[in-house]
S.K.: 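This is the structure I want to talk about, given as structure tokens.
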Amino acid sequence: GAVVSQHPSWVICKSGTSVKIECRSLDFQATTMFWYRQFPEQSLMLMATSNEGSKATYEQGVEKDKFLINHASLTLSTLTVTSAHPEDSSFYICSASGQLYGYTFGSGTRLTVV
Amino acid sequence: GESVGLHLPTLSVQEGDNSIINCAYSNSASDYFIWYKQESGKGPQFIIDIRSNMDKRQGQRVTVLLNKTVKHLSLQIAATQPGDSAVYFCADKKNEKLTFGTGTRLTIIP
């Protein structure tokens, strides 16, 4: 079946630094990847949608200059949280979708900004 | 699904009993619905899906019911087991995007 690998699974960074999260589809080509953010005891909120080779489409209220998304190949998308602040601490989850497979989620990345 | 940032509702069920988790969605144009299970610290795991041209679909120990008239989705889990304890989310698809519901925390009591 479809597998999506997300790395790292957790990261702690200092306030003001940038953090990159990778999302890879291991056994299928993901034409579209989605990035979600989830705060404790809450639902997943879509941040942005990225299609391979195109600029990401951000949801309302999500700062595109703060959350940089790159989808350079059909198997890799990255989310970079720039100039991270404590309020950016959250659980970030990617999802990949392709022709053969629907929405497969990564295992998530717990970001803690101190 | 309707996600308004509220804290998760909870449901406690005795092991072996059946559980029903409900979800409301807001977009009448949604054409595809999915139930996910999320364990602590992990990503959502696919359970079962249903297209808008159906009103019921069954899997192993799970059944999804769709009522388009009232925009309501339910997940029935039969003979619950301790491993079913998790948070369950419904999601509906429109224009290739999934919108997640609030979620329900299911706790199985031994």
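Note on naming: letters A, B, ... go to the chains in the order of the sequence lines (proteins, then strands), and numbering restarts at 1 for each one.
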S.K.: For His72(B), is the NE2 atom crowded, meaning more than 12 foreign heavy atoms sit under 6.0 Å from it?
M.R.: yes
S.K.: Can you name the nearest heavy-atom pair linking Phe91(A) to Gln38(B), along with the distance?
M.R.: CE2-NE2, 3.9 Å
S.K.: Between Tyr103(A) and Lys93(B), what is the shortest heavy-atom contact and its length?
M.R.: OH-CD, 2.8 Å
S.K.: How about Lys42(B): does its NZ atom have over 12 heavy atoms from other parts shown lying under 6.0 Å from it?
M.R.: no
S.K.: Verify whether the ring centers belonging to Phe105(A) and Phe100(B) lie closer than 6.0 Å.
M.R.: yes
S.K.: Under a 4.5 Å cut-off applied to non-hydrogen side-chain atoms, are Thr49(A) and Glu96(B) in contact?
M.R.: no
S.K.: Counting heavy atoms not belonging to Lys68(B), are there more than 12 under 6.0 Å from its NZ?
M.R.: yes
S.K.: Using heavy-atom distances under 4.5 Å, tell me whether Gln45(B) contacts chain A through its side chain, its backbone, both, or neither.
M.R.: neither
S.K.: Counting heavy-atom pairs closer than 4.5 Å to chain A, which one of Leu98(B), Ile34(B), Val87(B) comes out on top?
M.R.: Leu98(B)
S.K.: Treating Ile, Leu, Val, Met, Phe, Trp and Tyr as nodes and any side-chain heavy-atom pair under 4.5 angstrom as an edge, say whether Phe28(A) and Met33(A) lie in one connected cluster.
M.R.: no
S.K.: Please check if atom CD in Glu87(A) has more than 12 non-hydrogen atoms from other residues, nucleotides or ligands closer than 6.0 Å.
M.R.: yes
S.K.: Could you work out the complete set of other residues in the hydrophobic cluster of Met47(A), with links drawn between I, L, V, M, F, W and Y side chains under 4.5 Å apart?
M.R.: Val11(A), Val19(A), Ile21(A), Trp35(A), Tyr58(A), Val62(A), Phe67(A), Ile69(A), Leu79(A), Val81(A), Tyr92(A), Leu111(A), Val113(A)
S.K.: Can you tell me which residue pairs pass the salt bridge (charged side-chain N to carboxylate O under 4.0 Å, His left out) test with a partner in residues 51-64 of chain B, sequence neighbours excluded?
M.R.: Asp49(B)-Arg57(B), Arg61(B)-Asp84(B)
S.K.: Do Ile20(B) and Val62(B) belong to the same hydrophobic cluster, where Ile, Leu, Val, Met, Phe, Trp and Tyr are linked whenever their side-chain heavy atoms lie under 4.5 Å apart, directly or via other members?
M.R.: no
S.K.: Against chain B, label Phe39(A) side chain, backbone, both or neither, depending on which of its atoms sit under 4.5 Å from a heavy atom there.
M.R.: neither
S.K.: So which atom in Thr102(B) and which in Ser43(A) form the shortest heavy-atom distance, rounded to 0.1 Å?
M.R.: O-CB, 3.9 Å
S.K.: Would you mind checking which part of Gln38(A) comes under 4.5 Å of any heavy atom in chain B, side chain (CB onward), backbone (N, CA, C, O), both or neither?
M.R.: side chain
S.K.: Please look at Phe46(B) and chain A and tell me whether the side chain, the backbone, both or neither of the residue comes under 4.5 angstrom of a heavy atom of that chain.
M.R.: neither
S.K.: If you count heavy-atom pairs under 4.5 Å between each of Tyr36(A), Phe34(A), Trp10(A) and chain B, which one has the most?
M.R.: Tyr36(A)
